[in-house]
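The first residue in the sequence is number 1, and the count goes up from there.
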Amino acid sequence: MDEREAVREVTVRASGHEHVSAEHASTFEVTSDDWLTPAGDCILAVEADTTPADVPRSFVDACRSRTATITAEFRAADATETVTGHGHPDLSYEGDRSMVGRTSDHVDERTIMIGADKAAAEFDRRLVTALERGAPLTVTLRVEP
């Protein structure tokens with residue numbers, strides 16, 4: 001694929017849920033599941049229309065570089081939060097239920113970035129409150145190789 005044709009941005013739409021607490025200290029997550037229990041303290045939204053397995057391969061390939069910068073912008077109601085992390089050669093984007101950003105260097109099929117500069121507990125509380133009230137969420141993922 002020509003570099004000009006490579007996908008460098010992916011948009012995910014999801015919904016907030018009454019059990020959103022965003023208290024996890026090392027991860028954030030958006031899931032395609034339509035339910036959430038209070039134990040899911042890293043989950044920001046449910047019913048995501050995109051999972052890692054749905055992301056175009058050219059985006060995934062760009063994320064597989066150690067020098068890649070991956071940004072996730074979260075928008076709900078009047079609040080925005082941006083998280084920046086890094087790529088890794090082992091990122092597979094094969095998860096078919098949820099996408100997880102991690103402050104650590106742990107990689108599994110759900111991981112969309114490692115070395116994130118914040119986790120759910122550090123998200124703007126205005127955003128978290130909007131999601132707890134069920135607001136729609138738009139997540140824009142961008143990668144710079």
Side-chain angles (χ1 to χ4, degrees), residues 1-76 79-128 130-132 135-145:
M1 176 177 275
D2 184 308
E3 183 69 24
R4 291 168 295 175
E5 296 175 32
V7 174
R8 297 286 185 241
E9 184 174 295
V10 173
T11 301
V12 180
R13 288 176 182 74
S15 299
H17 187 280
E18 65 181 320
H19 293 309
V20 169
S21 64
E23 295 175 347
H24 203 276
S26 64
T27 64
F28 62 83
E29 180 176 338
V30 175
T31 182
S32 63
D33 291 343
D34 61 0
W35 53 272
L36 173 59
T37 70
D41 64 352
C42 67
I43 298 175
L44 299 167
V46 298
E47 299 184 80
D49 66 357
T50 304
T51 68
D54 300 322
V55 172
R57 291 295 98 186
S58 62
F59 186 94
V60 176
D61 290 344
C63 292
R64 287 185 174 148
S65 166
R66 289 186 193 278
T67 60
T69 299
I70 303 166
T71 304
E73 180 183 83
F74 297 81
R75 279 191 240 147
T80 303
E81 186 69 71
T82 302
V83 180
T84 302
H86 305 287
H88 189 279
D90 293 337
L91 289 177
S92 69
Y93 276 71
E94 292 174 346
D96 62 1
R97 286 182 53 206
S98 61
M99 47 182 55
V100 180
R102 303 179 187 281
T103 60
S104 71
D105 61 1
H106 176 76
V107 173
D108 67 16
E109 72 280 353
R110 304 176 311 147
T111 307
I112 60 167
M113 70 171 66
I114 62 168
D117 62 2
K118 66 185 69 152
E122 299 165 281
F123 272 52
D124 183 323
R125 293 293 108 177
R126 291 178 306 132
L127 178 75
V128 174
L131 294 171
E132 183 181 22
L137 175 70
T138 300
V139 183
T140 305
L141 299 172
R142 294 181 183 90
V143 62
E144 294 295 326

>> Run V55 and T50 through side chain to side chain contact (heavy atoms under 4.5 Å, CB included) and show every step you take.
In response: CA-CA 7 Å; V55 172; T50 304; 4.3 Å; yes
> Can T51 and D54 be said to form a side-chain hydrogen bond (donor to acceptor under 3.5 Å, both in side chains), step by step?
Replying inline: CA-CA 5 Å; T51 68; D54 300 322; 3.1 Å; yes
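The CG atom of L141 lies 8.0 Å from the SG atom of C63; values are rounded to the nearest 0.5 Å. Atom CG of residue D33 and atom NE2 of residue H17 lie 10.5 Å apart, to the nearest 0.5 angstrom. A distance of 12.0 Å separates CG in L91 from NE2 in H86, rounded to the nearest 0.5 Å. Atom CG of L131 sits about 6.5 Å away from atom CG of L44, to the nearest 0.5 Å. The structure places OG1 of T37 at 7.5 Å from NE2 of H19, a figure rounded to the nearest 0.5 Å. Annotation: the span from F59 atom CZ to R64 atom CZ amounts to 12.0 Å, rounded to 0.5 Å.
Annotation: R97, atom CZ; neighbour count of heavy atoms from other residues, nucleotides and ligands within 6.0 Å does not exceed 12.
Scanning all heavy atoms of the two residues, the minimum distance from A14 to A48 falls at CB-CA, 3.8 Å. The minimum heavy-atom distance between I43 and L36, with the atom names listed, is CD1-CD1, 3.5 Å. Nearest heavy atoms, S92 versus V60: O-CG1, 4.0 Å. Of all non-hydrogen atoms in A76 and A135, the two that sit nearest each other are CB-CB, 4.4 Å.
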Which pairs would a plain distance check flag for residues 110-128, meaning a side-chain donor or acceptor within less than 3.5 Å of a matching protein atom at least two apart in sequence or in another chain?
unit_1: R110; atom_1: NH1; unit_2: S98; atom_2: OG; d: 3.4
unit_1: T111; atom_1: OG1; unit_2: R102; atom_2: NE; d: 2.9
unit_1: T111; atom_1: OG1; unit_2: D108; atom_2: N; d: 2.9
unit_1: T111; atom_1: OG1; unit_2: D108; atom_2: O; d: 3.4
unit_1: T111; atom_1: OG1; unit_2: D108; atom_2: OD1; d: 3.1
unit_1: D117; atom_1: OD1; unit_2: T84; atom_2: N; d: 3.1
unit_1: K118; atom_1: NZ; unit_2: E81; atom_2: OE2; d: 2.6
unit_1: K118; atom_1: NZ; unit_2: T82; atom_2: O; d: 3.2
unit_1: E122; atom_1: OE1; unit_2: A119; atom_2: N; d: 2.9
unit_1: D124; atom_1: OD1; unit_2: R126; atom_2: N; d: 2.7
unit_1: D124; atom_1: OD2; unit_2: R126; atom_2: NH2; d: 3.1
unit_1: R125; atom_1: NE; unit_2: F123; atom_2: O; d: 3.2
unit_1: R125; atom_1: NH1; unit_2: S21; atom_2: O; d: 3.3
unit_1: R125; atom_1: NH1; unit_2: A22; atom_2: O; d: 3.4
unit_1: R125; atom_1: NH2; unit_2: A22; atom_2: O; d: 3.0
unit_1: R125; atom_1: NH2; unit_2: A120; atom_2: O; d: 3.0
unit_1: R125; atom_1: NH2; unit_2: A121; atom_2: O; d: 3.3
unit_1: R125; atom_1: NH2; unit_2: F123; atom_2: O; d: 3.4

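At a threshold of 4.5 Å between non-hydrogen side-chain atoms, the residues Y93 and R57 count as touching. Under the 4.5 Å side-chain criterion, counting only non-hydrogen atoms from C-beta, V83 is in contact with F28. Annotation: side chain of R8 is in contact with side chain of P145 (closest heavy-atom distance under 4.5 Å). Side-chain contact between R66 and P89 is present, with at least one heavy-atom pair separated by less than 4.5 Å.
The only option from L137, T80, V12 that meets the side chain to side chain contact (heavy atoms under 4.5 Å, CB included) definition with F74 turns out to be L137.
With sequence neighbours left out, H106 forms a ring pair (Phe, Tyr, Trp, His ring centres under 6.0 Å) with no residue at all.
Side chain of H24 to main chain of T27: a donor-acceptor pair is present (N/O by atom type, distance under 3.5 Å, no hydrogens or angles).
Here R142 does not pair with E144 in a salt bridge; the nearest charged N to carboxylate O distance is not below 4.0 Å.
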